[in-house]
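See below for the structure under consideration.
All chains are named by letter (A, B, ...) in the order of the sequence lines, taking the proteins before the strands, and each is independently numbered beginning at 1.
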Amino acid sequence: MFSIELLIQTLIAGVIIGVLYALMALGITFIYSIVKMINWSMGEFYMIGGYLQYLLIVEWLGADLWWVAVPLSALGVFLIGYLLEPVLIKPMFTTAVERKDDYAIVVTIALLLMLRNLAAALGGPYQRTPGSNLPTVMLGPLPESGARFAAFLCALAAIALFYLLLKKTWLGLALRAAAQSRIGAQTAGVDLFRLDQIAFGIGVGLAGLAGALLAPVFMVFPTSGVVTTVKGFEIIVIGGLGSIPGALIAGVLLGVVESLGASFIAAPYQNVYGFLLVVLVLLARPTGLFGERVRQA
Amino acid sequence: MAALLETRDLTKRFGGLIATGGVDLTIEPGEIRGLIGPNGAGKTTLVNLISGLYPPDGGDIRLAGQSLAGLKPHEVARRGLVRSFQVSKLFGNMSLRENLLLPALAQSGNADFVAAQEQATRFLDLTRLAPLADAPAKTLSGGQRALLQVAAGFMAPALKCYLLDEPFAGINPTIKDAIIELIEEENRRGITFIIVSHEMAVVRRLCRRVTVLVEGRVAAEGTLDEVAARGDVLAAYLGRGFA
């Protein structure tokens, strides 16, 4: 039954989940912008973020200190990515192989399988949740889950910090330069391999942050990153590969479309509405809403 | 006087093609050397070798006595050898000021941010691009882009030697003069230049000595008039039948 109240509640829910999905998409598009490689193991870093959040809350900190656990989980995932990149990704770009980025992508698929199976071996196939003590939040007359709303606010803060990093620091300047011309940045004195390592860490750290924030909302299990990864790639297609504003706007758009479809058409087909949006965008603008056409032939 | 930049037997092959075949080059500190030759002579390959974009297959490159062979381009830049590109590698979505700041901050981080800002302002004034300081570089004309690219190289903190690859190609006389003035100004401050160019009038004005590359080898060296008088150089430019 349609009502303005339901419409507003649906829009709010869509924006909240869309911003959280956008974190994932931001990580994917950021790594692609700098390293020029799609990281297919992003969902597994999301999953690790969820497990770290679960472990920190259940084993050490308790649910009241969730806000301490979230940055620690994201930092942990950053460090894992930062340490893995020079071991697994960098050699693909420094050794004498043809189609280096293709090899690197295959390595990320192997990493996906390894991390997923490692999680299953260490934690079993069980679904876990760190739980949340946060009370329901009233947005005007409309109730919203406290955990979901807190995750939304944290995601906004993280996006703001990410923006400041890119715009206000020399590291951000180097990252933006490398995204536009790797050779130009390198000959200006930027150590590209070090930058790749940092970018990979930040990108998977964003996925880990999304995993930590959504751990109390969705369950944590070895394949918990699959759905979010699919959403992340849908957002990239809608927003345009390599576009950071595109990732944010497309994330919100996808969240809203899925929520509206689930509320006013049929809830079981929630994922289908997102795919329909992807198809419509591809038909109207194959490079995505903010993507640029670079390949000529 | 000890050479600032030396290459010895510098060689690069692409499959069976010898793009650079045993090049010996000696550049004195404070010199402005012209590097000329017909299309396909290996000038840009030589610049790519010296600046670290291509690893050499043989020979050595030394800057102030230290070997650069095998170093990555950022390591070469940090040792004070900077290059520009024929097709500019500016960062179109970054402002002019940010384009200037990058070479300075890439090597010093935020530590020298204030000094880098002052330096960027100086070059924005020198190039008369100050009114556009905060505009994205992609809004510049081709000539302005060339000018900004040359100026950005001067921002490298340890700059000793600057390789300019066709800095005057396809730009109007006003901007050409601005680039020449910039080179002369920085040369007076002690910077050494190697300029790859087909613009003989500019080469004559700036370079006391030129090196002629033909088919990847040094064919002649001397003043522009000396090398222009040589039959083998004329033959390389015009073909054997015309020389």
Item to check | Heavy atoms from other residues, nucleotides or ligands near NZ of A/Lys36 exceed 12 (cutoff 6.0 Å) | outcome: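 For A/Lys36, atom NZ is crowded (more than 12 foreign heavy atoms under 6.0 Å).
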Item to check | Flag if over 12 foreign heavy atoms under 6.0 Å of OH, A/Tyr163 | outcome: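 No, OH of A/Tyr163 has 12 or fewer neighbouring heavy atoms, counting only those of other groups under 6.0 Å.
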How long is the span from the [atom1] atom in [X] to the [atom2] atom in [Y], to the nearest 0.5 Å?
X: B/His74; Y: A/Asp191; atom1: NE2; atom2: CG; value: 3.5 Å
X: B/Glu75; Y: A/Gln186; atom1: CD; atom2: CD; value: 9.0 Å
X: B/Leu163; Y: A/Thr187; atom1: CG; atom2: OG1; value: 11.0 Å

Identify the heavy atoms of [X] and [Y] that sit nearest to each other, and give their distance.
X: A/Leu173; Y: B/Met94; value: CD1-CE, 3.7 Å
X: A/Phe193; Y: B/Lys72; value: CE1-CE, 3.8 Å
X: A/Ile183; Y: B/Phe85; value: CG2-CZ, 3.4 Å
X: B/Leu102; Y: A/Ala177; value: CD2-CB, 3.5 Å
X: A/Ala188; Y: B/Ala77; value: C-CB, 4.4 Å

Item to check | Interchain contact, B/Leu53 with chain A, by part (heavy-atom threshold 4.5 Å) | outcome: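 For B/Leu53, the contact with chain A is made by the side chain alone.
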Next on the checklist: Whether the side chain of A/Gln180 engages the backbone of B/Gly92 through a donor-acceptor N/O pair (distance < 3.5 Å, no angle test) should be reported.
Outcome noted: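 Yes, A/Gln180 side chain to B/Gly92 backbone: donor-acceptor pair under 3.5 Å.
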